[in-house]
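One structure is given below, encoded as structure tokens.
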Amino acid sequence: MEYFSIFNDVLGPVMTGPSSSHTAGCARIGAMTRILHGREIRRAEVIFDQNGSYPGTCRGQGSDRGFTGGLLGFSPDDLRLKNALEIAEKSGVRVEFKQADLGAHHPNEARINVYDGESDRVEMSVLTRSVGGGMIEIVEMDGFPVSIKGETGTIYIAARGEEAFDQIRKKLDGKTRYVEKQNGERILFEIRSSSFNEENDEKELKEKELRDFRELPGIDFVRVAEVILPAPKRERPAPPFENAAGALERLKQSGEKKEMWELAVAYEKGVTFLSADEIFGKIREILQVMRESGKPVDPARTVSQGFLGYQASGMLEKAAKIRTVNMGFLEDCMIWAVSVMENNCARNKIVAAPTAGSCGVIPASVVAIGDKMGCSDEAIEKALLAAGLVGVFIANSATFGAEVAGCQAENGAAGAMAAAGVVQLLGGSVENGFQAASLALQNLLGLICDPVGGLAEVPCVGRNVAAAFNAVVSANMVMCGYNPIIPLDETIDAMFKVGKMLPEALRCTCRGGLCDTPTAKMITERLARENAAAEVRRH
């Protein structure tokens, strides 16, 4: 079984908006492609599967800017991503976008061909997937099956001819953890980079080893996949549990009185190389970015990137002047959710938790509510870890990808995570937290993904507010004694099954739901005209 990480897969990435799958994920794919290529890329071709989600979201959710920025070497949180197309053009870097039938096995599938800068010769070709929440996988490289996710270092050596094979095997003698993959007359040797000497001068030794391999006869390529995720992952992850039932059973057997955040720390230490201090260091950074993203965008200083405009600051002013239903702490929760999502749409820095499309939920319901309750930063950090714990249970058993399971996998998952975080703030037990998470997810089962115009504005902003409210209400219900009956793990399984039943048109393809309304179609057509005009002006 694959075990996911709180910082790699759940509370992150820290990124510029508007989409974790279609902006941050694409940037990571582009960056890994550049790393594998080993030098500056002057020309690349990105081919989307014509039946997937990229064609409908490429412009609105920044896939074109993400891929281009990554190929330029920009990370997901680099503010230059929003101007990546213009920067590439000025730098003489040519990135072309096309569509074809790739026979995709994933809705976010694209092939990247890297060309020799002086000719039409393809130097490297990779088949890639953005799998949700900013996570990626390169599944094929120059005809060889691979699995490159950016969480462990791996060296790839492709060669042809028995002489080359024998010499490579001889050089690898005594090196552990390598496999061979054959494709016709060629063999790909896949070596975990940790198989090389890990003592002093490791980097120098590794570079010498790679030079020696490159000088062998019959070598097609020597490439290195580096770790690009926040938490380097163990080759053999050994978390103390993988789901809610396992966590509860561990507590029962040990007789220990632990809180959710303590279980989160134990889990993350079992999956990654992070220490407890490093875990709190990272959660502190995440809290800081969440706080900053909760400030309303100033419409006078920030050009709108979509059709909705920035409304949080106006809502805040109006709420003080007119009569509204008194919602207490939820007033702040509402404004925060809108503000974070508007910062996301403005392509400012946010935390995808677990996705950019749901990035307002946890800041609004955990951070804003925690501040209103007068909680310390440490208490809020622990609540964020509790949310992350529920997130890894969802990642381990299901998905965060709306392209795979609809918005229930984004705002539904975020609401479940947030509900556990609120219970942590309230001093509830581990069992209380899991019950609240189950209830929150139950409430949003079947929620579709239908971003109008391919942008994370309508209905995404409103759904973030609804999911945040749902999280707080679910936590309160459980703390008041309500039992949602269905265990969290079973609710997660149900969500995944429901997602697979949803028609493709309702899973972020912009072909169903609100996207199919007359108003949405007019907005989409207008945006297409504006994008075409902008493209003409850019050239």
Side-chain angles (χ1 to χ4, degrees), residues 1-15 20-21 24-25 27-29 31-32 75-77 129-138 147-154 192-194 225-244 246-247 260-287 289-290 351-356 358-359 362 381-401 409-410 413-414 416-417 420-421 437 492:
M1 175 177 173
E2 182 175 9
Y3 298 108
F4 291 86
S5 153
I6 291 174
F7 293 106
N8 289 346
D9 306 276
V10 180
L11 295 180
V14 175
M15 56 168 283
S20 47
S21 290
R28 279 178 169 168
I29 288 170
M32 182 57 79
S75 60
D77 64 344
R129 293 171 185 166
S130 178
V131 297
M135 301 306 295
I136 66 165
E137 185 175 18
I138 293 177
S147 180
I148 302 172
K149 300 179 180 180
E151 56 192 12
T152 56
T154 308
R192 292 291 187 192
S193 60
S194 59
E226 298 175 1
V227 175
I228 62 171
L229 297 184
K233 199 170 181 181
R234 296 180 183 273
E235 285 187 40
R236 297 182 180 87
F241 45 80
E242 64 189 50
N243 54 25
M260 283 182 287
W261 70 267
E262 293 176 290
L263 297 179
V265 170
Y267 176 93
E268 191 70 1
K269 287 171 66 178
V271 172
T272 72
F273 288 105
L274 296 179
S275 66
D277 286 344
E278 289 171 326
I279 287 169
F280 271 96
K282 287 191 177 297
I283 207 72
R284 208 166 291 124
E285 293 170 6
I286 285 170
L287 175 57
V289 177
M290 284 184 172
V351 180
T355 68
S358 60
C359 65
I362 291 175
E381 289 160 9
K382 290 177 178 179
L384 291 175
L385 284 171
L389 178 67
V390 167
V392 290
F393 296 158
I394 297 172
N396 286 343
S397 300
T399 181
F400 294 132
E410 294 202 18
M417 293 165 58
I492 292 170

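Keep in mind that this is a model prediction, so the values were computed, not measured.
Partners of R28 according to the side-chain hydrogen bond (donor to acceptor under 3.5 Å, both in side chains) rule, which considers only residues two or more places apart in sequence or in another chain, do not exist here. With sequence neighbours excluded, no residue forms a side-chain hydrogen bond (donor to acceptor under 3.5 Å, both in side chains) with E381. S397 pairs by the side-chain hydrogen bond (donor to acceptor under 3.5 Å, both in side chains) definition with nothing, not counting sequence neighbours.
When every heavy atom of I492 is checked against every heavy atom of A398, the shortest pair comes out as CG2-CB, 3.8 Å. The two residues E2 and N396 come nearest to each other via the heavy atoms O-OD1, 3.7 Å. Scanning both residues, I228 and I136, for their nearest heavy atoms gives CD1-CD1, 4.4 Å. The minimum heavy-atom distance between A231 and L274, with the atom names listed, is CB-CD1, 3.7 Å.
A distance-only check finds no donor-acceptor pair linking the side chain of R192 to the backbone of T154 [under 3.5 Å]. Judged purely by atom type and a 3.5 angstrom limit, E410 has no side-chain atom pairing as donor or acceptor with the backbone of T355. The closest donor-acceptor contact from the side chain of K233 to the backbone of Y3 lies under 3.5 Å.
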Would I283 and F7 count as a side-chain contact (heavy atoms from CB on, under 4.5 Å) if you check the C-alpha gap in whole Å, the side-chain angles of each, and the deciding distance to 0.1 Å? CA-CA 8 Å; I283 207 72; F7 293 106; 4.0 Å; yes
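Looking at V265 and F280, their side chains come closer than 4.5 Å, going by heavy atoms from C-beta outward.
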